[in-house]
Protein chains: 2
Amino acid sequence: MNIGQASEASGVSAKMIRYYEEIGLIRPAARTGNNYRVYGEAEVHVLRFIKRARSLGFSLEETETLLKLWQDKSRESAAVRRVATAHIGDLERRIAEMQGMVKTLKHLAHCCSGNERPDCPILDDLAGDSSAAGAS
Amino acid sequence: MNIGQASEASGVSAKMIRYYEEIGLIRPAARTGNNYRVYGEAEVHVLRFIKRARSLGFSLEETETLLKLWQDKSRESAAVRRVATAHIGDLERRIAEMQGMVKTLKHLAHCCSGNERPDCPILDDLAGDSSAAGAS
DNA sequence: GTAGGGCTTCCCACCATGGGAAGGTCAAGG
DNA sequence: CCTTGACCTTCCCATGGTGGGAAGCCCTAC
């Protein structure tokens, strides 16, 4: 299987497969005589694992940890769960941060007449005008 | 006022002030004889505006738009609100995406015994094992 | 033989920010 | 007068992931 087929089969772009190899996330692929990378089912399985981990928001570093745990048959599931719960905490922190932004923005947008006149509480807030409507 | 004081007064690092100047987000600061940048209250006000916009999650590009609208006395508040509501939509999309991740992860983490044994539904899910507990 | 598609490596871009080196400038204090 | 330290300047590099594209090799089909 060439890199194109592996990409197709895993959903990871060829570009990214090479990159993952370069940074050591996956082992260097075997090469044919013409220097093409070759992949088998096992490699594609790894790529799909990575793809899925990325789609759950894990960083490449976390993904590497998870990959190693996956391949370590004597792992403790507690270690896996620690990675996952840390990531959950991370996501929740970022979600909360963004929700705070949304809350403020919705309030400001609500207070903004949104017509042809120039006065705008959104800009007032950004400008630090403390008399702006509910600048949280 | 030197760049250090402007940084102090605005909460924007000196590094970023220079960067904002370089990309044209703010006008090039005046210079003293010794080539130091000089700032006044007006410039600090702009920097604080940028700082606040960034803290609400606006990109530098959106911030530039808002900055121009702020400085355009004949703006229509509708234009400002369009930028804000687009950004709200963006944030909400990202929040929803992350919440989906959290939901899946929490379920998997809940199903994981988290002890010293190796079997782990989190890894099963990542590995694409469709018999994994509730792999959404 | 040529055309096309795939593969290779290499460099560049994004977005925003920080780190740090090498060198100029200024004020205070010995 | 000289040193020290705290500023400032420009310049390059790194991050995290991903994509774009060029230049060149390889293979197959026509």
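In what follows, every chain begins at residue 1, and chains take the letters A, B, ... in the order their sequences are listed. Hydrogens, waters and symmetry mates play no part in the numbers below; they use all other heavy atoms, side chains included.
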Subject >> Ionic contact status for Glu22(A) with Arg18(A), cut-off 4.0 Å >> reply: no
**OP:** Output, in order, the C-alpha distance, side-chain angles, deciding distance and verdict of side-chain contact (heavy atoms from CB on, under 4.5 Å) for Leu66(A) and Val80(A).
**Re:** CA-CA 7 Å; Leu66(A) 292 168; Val80(A) 181; 4.1 Å; yes
Original post:
dT18(D) P sits how many Å from Leu47(A) CG, rounded?
Top reply: 12 Å
**OP:** Taking only Lys NZ, Arg NE, NH1 and NH2, and the carboxylate oxygens of Asp or Glu, determine whether Glu43(A) and Arg27(A) approach each other closer than 4.0 Å.
**Re:** no
Original post:
By a strict heavy-atom criterion of less than 4.0 Å, which residues belonging to residues 10-36 of chain A are in contact with DNA chain C?
Top reply: Arg18(A), Arg31(A), Asn35(A), Tyr36(A)
Original post:
So, is Arg54(A) near the phosphate of dT18(D), with a side-chain N or O under 4.0 Å from OP1 or OP2?
Top reply: yes
**OP:** To the nearest Å, give me how far apart OH (Tyr39(A)) and P (dG6(C)) are.
**Re:** 16 Å
Original post:
Would you call Arg93(B)-Glu97(B) a salt bridge at under 4.0 Å N-O?
Top reply: no
Original post:
OP1, OP2 of dC7(C) versus side-chain N and O of Arg37(A): anything below 4.0 Å?
Top reply: no
**OP:** Assess whether atom CZ of Arg31(A) is packed by more than 12 heavy atoms of other residues, nucleotides or ligands within 6.0 Å.
**Re:** yes
**OP:** Please work out which of the three classes, parallel, tilted or perpendicular, describes the rings of His45(B) and Trp70(B), given edges at 30° and 60°.
**Re:** perpendicular
Subject >> Whole-Å distance separating the NE2 atom of His87(A) from the P atom of dG16(D) >> reply: 15 Å
**OP:** Specify the residues of residues 56-63 of chain A, ordered by number, for which at least one heavy atom lies under 4.0 angstrom from an atom of DNA chain D.
**Re:** Ser59(A), Leu60(A)
**OP:** Report, as yes or no, whether the 6.0 Å neighbourhood of atom CD on Glu61(A) holds more than 12 heavy atoms from other residues, nucleotides or ligands.
**Re:** no
Original post:
Hey, is Arg54(B) close enough to Glu62(B) for a salt bridge, meaning N to O under 4.0 Å?
Top reply: no
